[in-house]
Structure formats: structure tokens, C-alpha cells
Amino acid sequence: MLVVKPVTRSILAKVVKGAIVRPLTRTLNYHINFDKYVKEFEDAERILVDQLKDIEAQKQEQLRYVGRMLAPEVEVWLKRARMVLNDAQYVTDEIRKGKYMLRSIVGKHVVRLTLEMKDLCEHGSFERMSSYAASSAMTSLPTTDIVGISREEEICNYLMKQEVRMLGVWGMPGLGKTTIMKHIYNKLMEGNKFSKMIWITVSEGADIRRLQNDIARILSIDLSDDEDTNVRAKKLYEELMKTGSYLLILDDVCQRISLEDVGIPKPSADNGRKIVVTTRDRKVIQKMSCKAVEVRFLSDDESFQLLLSKVGEDVLADPTIKPIMKAILKECGGLPLKIVTVASSLKGVLDRDRWVHALDQLKRSRDLLKTRYDDLAGTDKDCFLHSALYPADYAIPKEDIIEYWIEEGLVDEMESREERKSKGHACLQRILDSSLLLGADGKNIVMTSKAGRDMALSLIAKEFPCFVKAGMKLKELPNELEEALDIKKVSLMENFISKIPPEISPKSKKLTTLLLSGNALEEIPESFFTHMQALKYLDLSRNPFKILPNSISNLENLTALLLSECKNLEEVPSLSKLLALKKLNLEKTRIKEVPQGMGFLVDLRYLNLRFISCLEEIPQGLLPKLQRLQHLAIHPTLSRAKEIMELNKLENFEGRFADLQDLSKYVDFLRKQSQRTIKYFILVGKTVEYKLRSCTNSVIVKDCNTEGSHVLPWDVEEFGIEKCNNLSSLNGVSGLQEATLLKKCRIEECERLESVFSSSCPPLKSLESLVLRHLKNLNVLVAYPEPFLHAFSSLKVLFLVKCPKIKILFSTKLRLLQHLINLEQVIIWGCDQMEQIIEEEEEEEILSDATEFTFPKLKELGLWHLPELKSICSTKGVMLCKSLQKLEIWNCPKLKRIPLKLDISFENGKVFHHPPLKDIKMKSNEWKSIEWDHPDAKKALLPLVRIM
């Protein structure tokens with residue numbers, strides 16, 4: 001019999017307590033306090049996600065310039081944060097399963113991850129995010145492996161050859177365009193092919209001045225003294241010409257860039273210079289005349305090799321994982337970025353369940369698309385399916401796709417076109433909310449995702465027979481098109497088709513929609529439309545043909561004929577038989593007269609004749625015959641006000657009147673329209689250069705005598721006036737007193753204008769933007785001394801450019817400042833005699849200890865090329881700008897003080913400035929000479945400064 005001594009029993013009891021009781025207590029604790037731990041977990045996850053987004057945004061901003069390297073501690077933090085959040089997602093999925101018996105097990109992971117996430121949040125503040133390497137122009141770039149991406153060698157070969165001087169690398173997002181070019185950049189940097197290599201990221205937009213600044217910084221030249229863009233371009237051009245052979249890489253270009261406007265010499269066969277453009281839009285490559293290289297999807301083998309290189313070959317030790325890998329790759333669809341993203345959470349993972357979980361997440365994202373589609377209403381489903389007729393990853397203007405839906409009859413017929421457009425916008429928003437189409441922040445475009453479009457194409461075949469080869473780089477019309485007898489819709493848009501053989505004529509008598517826009521068609525055979533008697537929607541836009549076949553005249557069921565941007569088109573066949581036509585678009589063609597038979601188009605609702613420089617006039621009496629017109633755009637060709645007034649259904653009018661007498665007639669007509677609303681964009685006088693936005697209520701007057709005419713309708717929202725030299729102030733503009741909805745006002749080159757307002761101000765409670773340019777006699781904004789009431793209470797943007805006589809911007813005498821509570825952006829440029837921004841009355845300055853000028857919403861203040869500017873406000877004045885994000889002081893040699901009240905604090909012997917101020921731009925000598933009220937301001941603000 002075993003006898004346990006008391007001492008032994010005591011030791012054994014401790015062992016049992018440590019080995020069994022305590023772990024059991026912890027396990028019960030995880031179970032009992034599960035809900036509390038989950039709440040803490042969710043809070044920590046939310047905070048970490050927000051912090052990660054913020055640091056990622058800072059990273060993108062700091063690494064915009066090549067040569068700037070991310071700090072190692074930031075890189076480590078980001079990597080760890082992503083890994084922890086990925087594990088947190090796995091745990092969240094387990095929580096949602098709600099298995100009661102597993103609460104203690106899941107609870108353990110919840111507590112562990114909560115502590116990790118809190119630790120990350122605690123250590124997520126960095127003294128510096130990044131730093132510059134020794135040479136910005138010739139520093140190797142951080143990048144990732146490009147296993148499986150097969151375009152590197154091809155691009156390198158082109159760069160080595162003399163014949164190819166401009167190269168365009170294009171493809172949809174996620175294919176690795178930037179990664180490929182970074183590898184090539186690093187590879188070429190090791191050789192001596194180019195004397196200088198320059199990398200510019202253009203993703204924020206092709207702003208000429210910003211591009212010039214980016215290139216100048218890398219070349220170490222100063223453009224600060226050259227205020228004019230053309231002068232800056234000349235200086236940059238001369239510097240680049242001295243550079244010898246160079247490689248310029250413009251990454252992530254969204255639209256055509258004019259090399260000449262920027263100041264970039266065109267490469268030639270003998271100068272050794274090369275330019276590479278990367279973009280997701282093939283049209284950018286075409287417009288910039290680049291040799292195109294498409295980055296395509298990875299093959300199955302390439303995809304597998306890429307995944308394996310990221311997760312490690314050890315995972316193949318478990319034979320059950322390989323089938324899951326292949327299933328994951330199928331879901332990734334050959335996108336390198338997607339593969340790398342998935343692989344980041346599976347590196348070295350041998351747990352089969354983790355692989356299954358990753359696959360489930362990918363499948364859920366795919367199944368989710370179908371579920372979201374099923375949740376749409378019938379009309380919304382039809383509209384989404386028709387988006388698949390556009391190419392993959394194609395930027396579709398919102399207005400275009402809604403107009404397409406309207407003409408296809410997908411949006412219910414209504415009396416008003418504006419009501420149909422509103423309904424179309426609501427439908428588009430529902431589709432965007434479901435993530436079936438992708439939106440772009442701040443842009444009026446939508447895009448089709450590959451997964452969403454693939455699903456739509458599979459579904460559309462069940463709804464109606466179609467033939468879709470959009471954006472497939474076709475050079476010839478597919479032969480199978482001719483024999484497809486039952487197809488209803490054909491999309492061959494955005495290809496390279498240049499000729500249609502005379503013998504080809506699609507035989508389908510059911511064909512209702514034909515999209516051939518964005519091709520290279522030089523002619524269309526007469527017989528091509530022979531069998532298309534059912535055709536309703538024909539889009540031939542953006543093709544180079546000069547004439548159209550007469551057989552178009554026999555398409556009697558046609559409701560929409562789109563020929564916009566056919567820039568060589570000089571003549572259109574007779575339209576007299578097309579009595580069903582509702583929409584005709586001839587924008588940017590070269591027609592010299594309107595098509596014959598237009599007077600018979602009594603059902604026409606939409607007519608676009610804008611930007612047709614060769615069209616001299618519209619035949620008198622034609623427009624009044626088109627009584628069902630709802631949308632009419634004609635300019636620069638002149639319109640007759642009397643005829644426009646006879647169109648009783650018109651809802652949108654864009655046009656040009658010869659003089660203010662015609663405008664006055666039309667304004668009087670608009671004032672009497674109590675039963676209907678007409679949107680308008682009206683040009684008056686000489687042709688003006690402008691950027692046409694959506695049709696807001698706008699009036700732009702150029703080189704006219706403004707006296708004695710009704711210039712402005714009561715509901716005008718945007719007003720521009722140029723070269724009207726009889727105008728001394730806006731008080732001379734008739735109708736301004738009633739223009740309570742005016743949001744934007746622009747005045748340019750009016751030589752006699754001395755003040756914006758010379759007497760009592762009209763109640764411009766809606767005015768948000770005031771732009772004053774090249775006003776050589778402007779000496780004050782407002783000459784009226786009485787209190788302002790609320791004349792500028794909504795003003796957000798104030799631009800003052802090249803007004804040489806004005807000395808003071810704001811004066812406290814006029815009590816104007818107290819109403820500028822919504823001001824967000826102030827830019828003053830090239831005003832030679834400007835001495836002070838805010839002038840304080842002498843009595844106030846003497847009596848007051850410190851005057852505070854409050855601009856609660858001001859985000860940007862720019863003072864450029866003001867040689868006489870001595871102060872922003874008085875020596876005792878202080879500006880409170882709690883929203884200020886951007887401050888630019890440029891070539892203001894006499895300015896010695898910035899009177900901003902700053903939020904500065906000290907911690908552990910270091911000085912910090914608190915947001916939102918994040919960007920200060922100055923010349924080096926100005927940063928050194930300008931003083932701040934706070935003694936430690938320069939130390940605190942130095943990380944925000946960009947010396948240019």
C-alpha cells in the first residue's frame with residue numbers, strides 16, 4: 001500500500017492546482033465573460049482598422065515621390081497590423097457561427113488578439129514615416145517578386161531598341177504594371193543605358209504644374225520664379241535637353257498628357273531618350289502615340305508558381321492542400337495582386353483548415369455578387385446586365401450609361417426626360433450600392449469589375465442572345481457574326497477594326513443593338529446594313545470614316561444614331577425615312593450642314609450639334625419643326641432665340657447667341673415659364689474657351705456691351721463675363737439682384753472694372769466661388785461702405801489672379817470678414833501691388849491687445865508672386881484657422897510673419913504640431929526668413945514643409 005506523506009501531499013496539491021485548476025479557471029473565465037471579451041475585441045479591431053487606413057494614406061502621400069523610402073519600423077508595423085487583422089477576421093467568422101460549446105476556445109483567441117491589437121494601436125505613432133535616399137533620380141525602388149509576370153523581358157527589349165521611343169504599358173488594375181516597371185527601373189539603373197532615370201506617379205491627376213514641379217525636383221532645378229506655365233515648360237525643356245539620354249516613367253496615368261505643355265522633349269531616334277506610360281486605359285496609350293504593351297492575366301501555371309513563391313514549397317508536404325490552392329487560384333482569376341494578397345495570410349501555413357477558410361472567403365465574395373444581383377428589382381437587373389456590353393475595366397461616364405439605358409427602353413417612359421434621367425441615376429446608385437458596378441471617388445464614372453462582368457455575361461445569354469467582343473483588340477469583324485441568325489445585341493466597341501469586307505452583312509433580322517464605337521473604321525460597305533431592319537440603337541462614335549453608306553437611310557426602326565467624335569465625318573445621308581429616331585448625336589464631327597430630311601424627325605427628343613466648328617448655321621425654320629425636342633445642344637453655331645422659345649417640350653438647352661439682345665429675349669422668356677423648368681448653358685458673343693460640365697444653369701458673356709439688357713435669369717447658378725470693357729462693377733449687370741441661386745462667378749479681362757461691387761451688394765446668399773482674373777484696374781473687392789448683411793456668407797473659394805492695382809484684399813472697415821465663415825480656399829497670384837491681406841483700422845490696431853480673425857473652415861491659403869506683400873494682417877492680429885490643411889507662400893520676399901495661431905504641444909522633450917495642417921510649401925529662403933508667433937513653430941512644422 002502506497003503511503004503519501006503530508007509533505008508529499010502538499011506538493012502534489014500545488015502541482016494539481018497549477019496544472020489543472022488554474023487552466024480550468026481560465027477556460028471557464030473565457031466562457032463566462034465571452035460577450036464582454038468580444039465587445040473589447042470589436043472595439044480594438046475598429047480602432048486598429050481606422051489607424052491602419054490613416055497610416056496607409058500617409059504612406060501613399062509620402063511615397064508619391066520616387067526615392068522616398070518608408071521607415072523600417074513603419075513597414076514592420078504595417079505588416080504586423082495586416083497579419084493580426086487577418087487573424088481577427090478568422091476569429092470573427094468563428095464568433096458568428098455562434099457555437100456555444102466552443103466559446104471558451106474562441107474566447108482565448110479573442111483575448112489574445114485584443115491584446116495584440118491594443119499593442120499595435122499603442123505603438124502606431126511614428127516620428128517619421130519616411131526619408132529620402134541619397135539620390136531621388138537614381139535610387140532603386142522597393143518592390144515585390146514578379147514570378148509569372150511575363151512582360152518584363154518584352155518591355156526591356158523595346159527600351160533597348162532605337163525604333164521604339166514611347167512605350168505604353170496598359171492593363172486592368174491588379175495585373176502588376178507598376179511592379180513590372182519598378183523591376184525594370186531597378187534593372188536598368190545597374191547598367192549605363194541612361195544617364196538619368198526619372199519616375200513620376202501621376203495617379204492624382206495630370207495637373208501640368210504638379211508634373212512640372214515633380215520633374216524639376218528630381219532634376220534639382222527651381223521653377224519658383226516662373227509663374228507662367230509656358231515659361232516653366234520652356235525652362236524644364238531646356239534642362240531636360242541638357243540631360244542627355246534619360247528614361248522618364250509616368251506611372252498610373254489616367255488621361256492624355258501633353259508633353260509639350262509640361263516641357264518634356266519628344267524622344268527621337270538619335271537622342272537616346274525614352275518615355276514609358278503605365279495606365280489602365282488603352283485610349284491614353286493611343287492618344288499619346290505610344291507603342292502598346294498589354295499586361296495580361298496570368299496563366300494557370302504562372303498563377304500557381306506565383307502563389308507557391310509567396311507561401312513556400314513546404315505547404316505541398318500536405319497533399320490535401322494542393323487542390324485547395326488550385327481552387328483559390330481559380331477564384332483569383334489570374335490577377336497577380338489578388339494572388340499576392342491572399343498569399344500574404346497563408347505564408348508557411350500548413351493548417352488545411354486555414355486554407356479552406358481562405359477559399360471560403362473568396363467564394364463568398366463571388367456568391368455574394370449573385371446574391372446581390374438576385375436582390376435587385378427587375379429594371380435594375382436589366383440595367384446591370386446591359387453594362388456587360390462595355391469592355392472590362394472600362395471607365396463609363398455616368399451620364400453615358402444612363403442615356404444608353406434610356407434609349408434601350410430600360411428606364412420607364414415618362415413625359416419628362418429629366419425625370420427619366422433621375423430614375424436612371426437612382427437605378428445606378430442602387431447597383432453601385434450593391435457593389436455590382438464600381439464607382440470612383442469624386443469622379444462621374446463607373447467601371448465593371450471582371451467578376452461582376454463575367455457573371456453578367458453568363459446571365460445575359462439566358463435573357464437574350466448577344467455577341468460581345470468589346471475591348472478584345474480585334475482587327476477584323478468576326479466571321480461568326482454574319483451567320484448568327486438569332487442575336488439581338490452586338491458589342492464590338494473599343495477594338496481596332498479598320499475595315500468591313502464588302503461581302504459581310506450580319507443576317508440576324510432580330511438585331512436591335514449594334515455597338516461599334518471606338519474602332520478604326522475608315523469606311524462601311526453599302527451592303528452592311530442590308531438585313532438590319534429591326535435595328536434600333538446604332539453607335540458608331542469615335543471612328544475615322546468620312547462618309548456613311550446611304551443604306552443607313554433605310555433603317556426605319558432606328559431610334560438612336562450616335563456619331564459623336566467621328567472627327568473626319570463630313571456628310572450624313574438623308575434622315576427623311578427615320579421617323580422613329582429619338583436621339584441624334586453629331587458632336588465633334590466635321591459636317592458643314594445639317595443632314596437632309598431632319599425636318600421630318602418629328603419624334604426627335606435629343607439633338608447634339610455641339611463642338612462642330614464647320615457647321616455655319618442651322619437652317620431657319622428647322623428647329624420649330626422638332627416640337628418634341630427635350631435636349632438641344634448647338635454651339636459654337638449660333639442659335640436664334642425666337643426659334644428656341646418655340647420648343648415647348650425643351651428641358652435642356654446648350655447654345656450660343658450672337659449678342660445680348662437675343663439673350664435678353666430668352667431671359668424674358670425664361671422668367672415667364674412658371675409651368676416648366678429649363679436647364680441652360682448659354683454662351684453669348686464671341687466663341688469662348690470653356691470646360692463643359694453637366695448642364696447647369698450657366699451664362700457666359702464675352703466681348704459684349706452689358707448696358708440696358710437683361711443679362712441674367714433669376715435661377716442662374718454660374719456666371720462668367722470676359723472682355724466686357726464697359727463694365728465698372730457687377731452692379732452694372734442687369735438681373736444680378738434677383739440671382740439668389742448664383743453659386744459661381746468668374747470675371748476676366750474687363751479693363752474698366754474697378755470693384756466687384758461699387759454700391760449695395762445684392763443678396764448673394766448662395767455664392768460659393770468668386771474668380772477674378774486679369775483685371776488691370778481692380779483696386780478693391782467692394783467699394784460700398786455700409787454693413788454687408790450676408791452678401792458673401794456662403795463663399796467657399798476666392799481666386800485673385802493678375803490684378804496689379806489691388807493693394808488690400810479685406811478691410812475691417814467694411815465689416816466683410818465676419819461673413820466669411822464658410823471660406824475654404826483663398827488663392828492670390830501675381831497681384832503686383834498687393835501689400836496686405838487684412839487691413840485693420842488704425843484705431844482698432846492701437847486700442848486692441850490682439851485682434852483675432854476667425855476663418856473656421858479655411859483649408860487652403862496660397863500667396864503666390866506678391867512682390868509687395870508686407871503682412872497678412874496687423875502686427876497684433878492673429879488668424880484662427882482650425883481647419884487649415886495647406887499653406888503655400890511663394891515668392892513673397894517682403895513677407896516676414898505668418899500670424900497663424902498654432903496648436904503645438906511638447907512630449908518627452910519633443911515638440912509636435914497637431915492636425916489638420918499637413919502641407920506647407922515655400923522657397924528655402926522664405927522658410928528661413930519668415931517668422932511665426934510661437935517660438936517653437938519651425939521645429940514643430942518642419943516635417944510638413946516642402947521646400948521647392
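- Sparse packing is recorded around CD of Glu616, with 12 or fewer heavy atoms of other residues, nucleotides or ligands lying under 6.0 Å away.
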Discussion item. Apply side-chain contact (heavy atoms from CB on, under 4.5 Å) to residues Leu428 and Val446 and explain how you reach the verdict.
Written reply: CA-CA 9 Å; Leu428 179 59; Val446 295; 4.1 Å; yes
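- Phe653 pairs in a ring pair (Phe, Tyr, Trp, His ring centres under 6.0 Å) with only one of the listed residues (Tyr666, Tyr680, Phe681), which is Tyr666.
- Asn608 places no side-chain N or O within 3.5 Å of a backbone atom of Glu587 that could act as its donor or acceptor partner.
- For Trp405 (side chain) and Val411 (main-chain N/O), no donor-acceptor pair under 3.5 Å exists by modelled atom type.
- Salt bridge status for Glu738 with Arg671: present, with a side-chain N to carboxylate O gap under 4.0 Å.
- Interatomic distance, Ile920 CD1 to Leu917 CG, rounded to the nearest 0.5 Å: 4.5 Å.
- Side-chain polar atoms of Ser541 and Ser564 form a donor-acceptor pair below 3.5 angstrom.
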Practice prompt. In sequence, state the C-alpha distance, the side-chain angles, and the governing distance for Glu749 and Lys776, and then conclude on salt bridge (Lys or Arg N to Asp or Glu O under 4.0 Å).
Written response: CA-CA 8 Å; Glu749 298 183 79; Lys776 67 181 187 180; over 6 Å; no
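- Contact of the Leu742 side chain with the Ser766 side chain is not registered, since no non-hydrogen atoms from C-beta on lie closer than 4.5 Å.
- The closest donor-acceptor contact from the side chain of Gln627 to the backbone of Pro624 lies under 3.5 Å.
- Screening Gln630, Arg420, Lys649 against Glu415 for a side-chain hydrogen bond (donor to acceptor under 3.5 Å, both in side chains) leaves a single residue, Lys649.
- Although no hydrogens or angles enter the test, the distance criterion places a donor-acceptor pair under 3.5 Å between the side chain of Asn725 and the main chain of Glu751.
- Arg605 places no side-chain N or O within 3.5 Å of a backbone atom of Leu581 that could act as its donor or acceptor partner.
- With Lys805 as reference, Asn777 is the one residue of Asn777, Asp832, Asn779 to meet the side-chain hydrogen bond (donor to acceptor under 3.5 Å, both in side chains) rule.
- For the pair Leu650/Arg676, a side-chain contact is recorded, criterion being any heavy-atom separation below 4.5 Å from C-beta on.
- In the model, Glu399 has a side-chain atom that pairs as donor or acceptor with a side-chain atom of His425 under 3.5 Å.
- Side-chain atoms of Glu408 never come within 3.5 Å of backbone atoms of Leu410 as a donor-acceptor pair (strictly under, hydrogens ignored).
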Item to complete: Could you go through the salt bridge (Lys or Arg N to Asp or Glu O under 4.0 Å) check for Glu654 and Arg610 one step at a time?
Response: CA-CA 8 Å; Glu654 299 173 24; Arg610 67 186 182 192; 2.8 Å; yes
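- In terms of modelled atom types and a separation under 3.5 Å, the side chain of Arg417 and the main chain of Asn652 share no donor-acceptor contact.
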Fill in: side-chain contact (heavy atoms from CB on, under 4.5 Å) between Phe855 and Glu824, intermediate numbers included
CA-CA 8 Å; Phe855 299 92; Glu824 295 180 4; over 6 Å; no
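- No hydrogens or angles considered: a donor-acceptor pair under 3.5 Å links the side chains of Glu651 and Ser416.
- In this structure a side-chain-to-backbone donor-acceptor pair under 3.5 Å is missing from Arg773 to Cys803.
- Summarising the local packing, NZ of Lys870 is surrounded by more than 12 heavy atoms from other residues, nucleotides or ligands at distances under 6.0 Å.
- A salt bridge does not link Glu419 to Lys423: none of the charged nitrogens lies less than 4.0 Å from a carboxylate oxygen.
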Practice prompt. Evaluate the criterion side-chain contact (heavy atoms from CB on, under 4.5 Å) for residue pair Leu607 and Leu626; output intermediate values, then yes/no.
Written response: CA-CA 10 Å; Leu607 177 59; Leu626 309 178; 4.3 Å; yes
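- Checked for salt-bridge contact, Arg746 and Glu718 miss the test: no charged N lies under 4.0 Å from a carboxylate O.
- Of the options Leu632, Ile678, Ile682, a side chain to side chain contact (heavy atoms under 4.5 Å, CB included) to Ile644 is made by Leu632 and by none of the others.
- No side-chain donor-acceptor contact under 3.5 Å links Lys796 and Asn822.
- In this structure the side chain of Val699 reaches within 4.5 angstrom of the side chain of Pro713, judged on heavy atoms.
- Residues Lys918 and Glu860 are not paired through a salt bridge, judged by the lack of any N-O separation under 4.0 Å between the basic side chain and the carboxylate.
- The closest donor-acceptor contact from the side chain of Thr637 to the backbone of Leu615 lies under 3.5 Å.
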Practice prompt. Report the C-alpha separation of Val701 and Phe719 in whole Å, then their side-chain angles, then the decisive distance to 0.1 Å, and conclude whether the side-chain contact (heavy atoms from CB on, under 4.5 Å) test is met.
Written response: CA-CA 8 Å; Val701 179; Phe719 174 51; 4.2 Å; yes
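- Gln673 contributes a side-chain N or O that, together with a main-chain N or O of Phe669, makes up a donor-acceptor pair within less than 3.5 Å.
- The environment of CH2 in Trp864 is crowded: more than 12 heavy-atom neighbours from other residues, nucleotides or ligands sit within 6.0 Å.
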Worksheet item: So Lys886 and Glu888, salt bridge (Lys or Arg N to Asp or Glu O under 4.0 Å) or not? Walk me through it.
Response: CA-CA 7 Å; Lys886 188 174 184 180; Glu888 297 182 345; 3.4 Å; yes
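- Salt-bridge check for Glu868 with Lys807: failed, with every basic side-chain N at 4.0 Å or more from each acidic carboxylate O.
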